[in-house]
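First comes the structure, then the notes that go with it.
These numbers come from a predicted model, not from an experiment.
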Amino acid sequence: MDKKKQAVVSDEANIRKLGEKLVKRHRNLWVYMIFGFVAALINTVAFMVLHQWWHSAVVISNTIAFIISNLASFFFNQKAVFINNVDHEHTTWHKLIIFFTYRIISLIPDTLIMLVGLSWLHLNALLVKIIDQVLVGIFNYLTTRSVFQKQEHTMIERAKMRLHEHQKNIKK
């Protein structure tokens, strides 16, 4: 094989390895995005049914949709998303309480976005709900990780552990 073909094959293999590393390293994020999309879809459908079809108030529709989608989201996160580096020290009830505490915090901007978008700006309900779910979803990912995964050590503690491991390797 000539040098050009070897270089192309080598580059493709390196790109494939890099891609595999990225997928593996950020597995929880990718899986969270999939199940987060499903939870956002549940939230959006529940909201649209309650608000558009049953004509319930924005706050009531949004709160009920919030409860339904977050119960589903808790189940998804517990069973499918955060399966590596799992926190086994706390019970499911403890995690559920912390999960909903964080999520209640996200309900505030969630409701405000919906009220502003629908009542003040008079935008399309589906469009506002989609924008709302994207913004709230980012916040939810950051807080949800802390519920299901073991808390990582501080940066200083990690550096100390790496230094200790490096020193052990040098002595070998």
Side-chain angles (χ1 to χ4, degrees), residues 18-155 157-158:
L18 179 62
E20 289 170 1
K21 274 185 176 179
L22 283 172
V23 168
K24 188 175 180 180
R25 182 173 186 188
H26 300 289
R27 178 223 170 265
N28 288 352
L29 174 62
W30 301 118
V31 176
Y32 181 86
M33 287 171 55
I34 293 166
F35 284 105
F37 174 79
V38 173
L41 191 61
I42 291 168
N43 186 300
T44 303
V45 169
F47 175 81
M48 295 303 288
V49 166
L50 293 165
H51 184 67
Q52 296 288 92
W53 294 353
W54 294 356
H55 305 289
S56 66
V58 172
V59 173
I60 292 170
S61 299
N62 201 52
T63 303
I64 293 170
F66 164 86
I67 293 168
I68 293 167
S69 67
N70 279 290
L71 285 170
S73 184
F74 180 82
F75 176 78
F76 297 153
N77 286 306
Q78 176 99 1
K79 299 296 180 190
V81 177
F82 296 101
I83 58 172
N84 300 326
N85 193 28
V86 176
D87 173 7
H88 293 290
E89 295 175 20
H90 297 97
T91 66
T92 299
W93 284 107
H94 181 266
K95 292 176 189 175
L96 184 66
I97 290 167
I98 293 172
F99 180 82
F100 267 91
T101 300
Y102 283 135
R103 292 298 171 100
I104 286 171
I105 294 169
S106 75
L107 180 60
I108 296 165
D110 182 346
T111 302
L112 288 174
I113 291 167
M114 294 307 297
L115 284 172
V116 168
L118 298 178
S119 301
W120 294 354
L121 300 177
H122 305 288
L123 297 172
N124 176 281
L126 182 59
L127 174 66
V128 174
K129 193 62 179 171
I130 290 169
I131 292 167
D132 165 64
Q133 287 300 290
V134 169
L135 295 174
V136 171
I138 294 166
F139 172 80
N140 286 344
Y141 174 71
L142 298 173
T143 58
T144 302
R145 275 182 38 188
S146 69
V147 173
F148 293 100
Q149 290 188 314
K150 288 183 189 176
Q151 296 302 309
E152 293 184 16
H153 300 288
T154 65
M155 192 165 54
E157 289 172 341
R158 285 192 306 249

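Between the side chain of S73 and the backbone N or O of S69, no donor-acceptor pair lies under 3.5 Å.
Separation of atoms CG (N43) and CZ (F47) is listed at 9.0 Å; rounding is to 0.5 Å. How far CD1 of I98 is from CH2 of W93: 14.0 Å, rounded to the nearest 0.5 Å. Between atom CZ of residue F66 and atom CZ of residue F100 there is a gap of 6.0 Å, rounded to the nearest 0.5 Å. To the nearest 0.5 Å, atoms CZ (F76) and CD1 (I34) are separated by 12.0 Å. Once rounded to the nearest 0.5 Å, the distance linking CG of L107 with CE of M114 reads 11.5 Å. Atoms CD1 and CZ, from I67 and R103 in turn, are 13.5 Å apart once rounded to the nearest 0.5 Å.
Nearest approach of I113 to V128, heavy atoms of both residues: O-CG1, 3.7 Å. The two residues L50 and A65 make their nearest non-hydrogen contact at CD1-N, 4.3 Å.
Side-chain contact between Y102 and N140: absent, with no pair of heavy atoms (C-beta onward) separated by less than 4.5 Å. Contact annotation: the side chain of I42 approaches that of I68 to within less than 4.5 Å [non-hydrogen atoms, C-beta and beyond].
Pairs of residues two or more places apart, or lying in two chains, that qualify as side-chain hydrogen bond (donor to acceptor under 3.5 Å, both in side chains) and include a residue from residues 55-68 are S56-S61, N62-D110, N62-T111, N62-K129.
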